[in-house]
Structure formats: C-alpha cells, structure tokens
Amino acid sequence: MSVYNGEQWLSPAIESVLSQTFDDFELLIVNDGSTDASASIIRNYEKKDSRVRHFSKMNTGLADSLNCGIREARGEWIARLDADDISHSDRIKLQYSEIKSNSNLVLVGTGLSLINEFGDVYKSHIYPSTHNRLLLALSQGGPTFPHSSAFFRRDLALKIGGYRKRIKRAEDRDLWLRFAREGLISCIPMPLVQIRKHDSQISNDEGGVRQIVDSFISMIAYWLCEMKYKDPVDALDDADFDMFAKWVQSELDATKLFEVVKFKEEYKKQTIHMGSYLDRFLLLAGMAANDLSVFYRVLFEKFASSNLPKKLCIKLADTNYLNISTRLS
C-alpha cells in the first residue's frame, strides 16, 4: 500500500487487510511524503500489529513507492491495495488458493464494487476470468480488474522491472501487459475489493487525459514488442519519449477520444441513482444532441472492440514518426 495524504480513508483500508481470514502476511505501507496525519495513523497500527511495516520517503510518486514496497517485501506474492479502497475479508485467501492451483499463473485480479465517499456500494463489476480474454481487454483498452485487486509474483515483478516511472497514470495496465508475456493471468469473478470513487483521485488529474495517454502508451508498447520492436518506454531517451507521448496524445485527440471519455463519465455520474431505463435513454438522447459524432463513437465502443492501440502501433512503424521507430528496430 502506498499512501500520499490519505488520512481520510486510510484506517478502513488498513483494517480491511488486518482482518483477512488468511493471516500469514506482512502489510507494507509506503508513506510517499505525506504532509497530513497519514504517518501517525500508520505508526499507531504498526504498534498494535507486528505484521505492519512502515516505510517513509520523499514524495516521488506511486510507481516509485510501489517498487519500494516490492523490494522490501519478504513474501513470495504481492497483494495490492490503494489507501482509499477496501478488501473483502476472504480476498487474500481466495487469491492465494487460485494462484496455488495453477503453477503457470503469475497474476490474479478480482471483480469490484464501487463505493462513494461514505462507503455506500452503488455498483459492481465482474471481469473475464481467462488469460486470453483478459489480454484482449488489456491490449485493446477494454475494462479490466482494478489495481487494488492485483495479486502477483514478487520475483517476476522484479525481473521485468516493476512499475515504470514513465507510465504515471496507467502503471497497472503497463505492468499487467508485461506480466502476460511471462505467464498466465486470471481474474476471480467475485467483487472482492471495494473501489472508492471521489474527486481527489489521482486518476482525475488533468481531466483524466494523462491516464488515457499513458494507457495507450502502454498498449502501443505491447503491440510494438509483438511486432519485434524494442519497448519505447525503456528504449527511448527522455527527448524521444516526450515526442512519442505527444504524438500519441495528438493522435487520440484527432479521434475525439477525450471527448468520448468525458461524455461517458458525465453520463455515468448522472445515472448512478437512475433506476428507469427510460430515464437513462432520455438523458443519453439529450446529451447526444449536443455532439452526435461523439455519441456515435460511444455506441461504437460499446458494441465493438477497439483496435485503435494496434492501429496506432502500425501507423507509428509505417510513418517512422521523427525516426522513433528506427531507434526501436
């Protein structure tokens, strides 16, 4: 668990781990330079439960903090949880049982329930359970299990370089795609974590644009590797990687993807408490009247899988944008 100024929901997150029915674990909490009461809260739990290990450092971001935790961990497996989320009491027991049932498994996720700032559950999601279907979703931008549900092999995480600092807002998708090249991934079709939605989430930074761009960078990197190119996240120097990221953002902007995502998020917010399908349809129709092109793109994404990451990969290779693909060959 990494924490940055997470005092508001930190205690429930910690308690959900300490109350697991599987109890042979250590809880590593990395305090990423918090300026609120997070450190004090962690120390209090450390005094009460010997399984809690506390590490404090300067604020360097989520990826660096998680890598710190992975390096310090003494166990064979890593279970992730964000400091504002909650684990079901049987979560670790069920994931440990799943991963022990198949020696080829390297990563296991779970379904989720969404909760608001007050802890009220308002929606649940179940994801595909098989490797092939999960990889399809991961590589094409589809929905996959949440970061807070991940359970993975520590030695493999270290071998493939852990979380990459250049992928600041999609570090989970990036790591899962690299795990999938090394072994099998799966997902337990049960909502074993509660994901808290609130306005201060880091995924909301820059209106969510950074998360979308980083997700596409990780997917394009996956497809480039599939085409036998070098991974641009590792191979490019800072200047070239910055050009690559700007190219990705400009290509996404041209497809109106950011408008589509904004449209869908606004629709989700307004339909959380809507029970009537007629009300939902009328709301959707009213929103669509402002921009039909975005509306049709939303419908397309709902009923057809997206090949956009792979298309952008091919376009990058074919156009040799600023000689970047030459440097990756």
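Predicted model only: the values in this text are computed from it and were never measured.
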Task: Worked check of salt bridge (charged side-chain N to carboxylate O under 4.0 Å, His left out) between K197 and E117 - done: CA-CA 7 Å; K197 305 299 285 186; E117 295 181 78; over 6 Å; no

Task: Ion pair K310/E226, N-O distance below 4.0 Å - done: no

Task: Nearest-0.5 Å distance, OG of residue S129 to CD1 of residue I185 - done: 11.0 Å

TODO: Compare all side-chain heavy atoms of L66 with those of V30 and state whether any distance is below 4.5 angstrom.
DONE: no

- [ ] Output the distance between atom SG (C187) and atom CZ (F145), rounded to the nearest 0.5 Å.
- [x] 6.0 Å

Open item on the list: Any non-hydrogen side-chain atom of W77 less than 4.5 Å from a side-chain atom of K100?
Closed with: yes

Task: Atom CZ of R154 with >12 non-hydrogen neighbours under 6.0 angstrom - done: yes

- [ ] Evaluate salt bridge (charged side-chain N to carboxylate O under 4.0 Å, His left out) for D155 paired with K159, printing each intermediate quantity in order.
- [x] CA-CA 6 Å; D155 62 342; K159 175 188 171 184; over 6 Å; no

TODO: Determine, for E26 against R53, whether the closest basic-nitrogen to carboxylate-oxygen distance falls under 4.0 angstrom.
DONE: yes

Task: From Q249 atom CD to I217 atom CD1, the distance as rounded to the nearest 0.5 Å - done: 9.0 Å

Open item on the list: Does D24, at its CG atom, have more than 12 non-hydrogen atoms belonging to other residues, nucleotides or ligands within less than 6.0 Å?
Closed with: no

- [ ] Look at R153 together with E76 and state whether they make a salt bridge at an N to O cut-off of under 4.0 Å.
- [x] no

Open item on the list: I'd like to know whether the aromatic ring centres of H131 and F179 sit less than 6.0 Å apart in this structure.
Closed with: no

- [ ] Determine whether W176 and L107 make a side-chain contact, defined as any pair of heavy atoms from C-beta on separated by less than 4.5 Å.
- [x] yes

Open item on the list: Using a strict threshold of under 4.0 Å (side-chain N to carboxylate O), is an ion pair present between D234 and K230?
Closed with: no

- [ ] Please determine if D90 and K93 form a salt bridge, counting it only when a charged side-chain N lies under 4.0 Å from a carboxylate O.
- [x] yes

Task: N-O pairing of D174 and R164 below 4.0 Å - done: yes

Task: Contact check, side chains of I314 and K311, non-hydrogen atoms, under 4.5 Å - done: no

Open item on the list: Would you say that T110 contacts Q95 through its side chain, given a criterion of any heavy-atom pair below 4.5 Å between the two side chains?
Closed with: yes

- [ ] Indicate the ring-plane relationship of F152 and Y163, choosing parallel, tilted or perpendicular according to the 30° and 60° boundaries.
- [x] perpendicular

Task: Ring-face cation contact, F241 with R166, 6.0 Å cut, 45° max - done: yes

Task: salt_bridge(D32, K57) N-O dist < 4.0 Å - done: yes

Open item on the list: If you apply the rule side chain to side chain donor-acceptor pair (under 3.5 Å), what do you find for D253 with S250, and how did you get there?
Closed with: CA-CA 5 Å; D253 193 45; S250 68; over 6 Å; no

- [ ] Evaluate the side-chain proximity of K123 to S113: yes if any heavy-atom separation is below 4.5 Å, no if none is.
- [x] no

- [ ] Starting at OG of S38, measure out to CD of Q8 and round the result to the nearest 0.5 Å.
- [x] 10.5 Å

Task: Nearest-0.5 Å distance, CG of residue L328 to CG of residue L316 - done: 7.0 Å

Open item on the list: Between the side chains of R80 and D82, is the shortest nitrogen-to-carboxylate-oxygen separation below 4.0 Å, so that they form an ion pair?
Closed with: yes

Task: Centroid-centroid distance, Y96 to F22, less than 6.0 Å - done: yes

Task: Note, V121 side chain near L114 side chain (heavy atom, < 4.5 Å) - done: no

Task: Rounded distance [0.5 Å steps], CD1 in I86 versus NE2 in H88 - done: 12.0 Å

Open item on the list: Counting C-beta onward and ignoring hydrogens, is there a side-chain heavy-atom pair between S87 and Q20 closer than 4.5 Å?
Closed with: yes

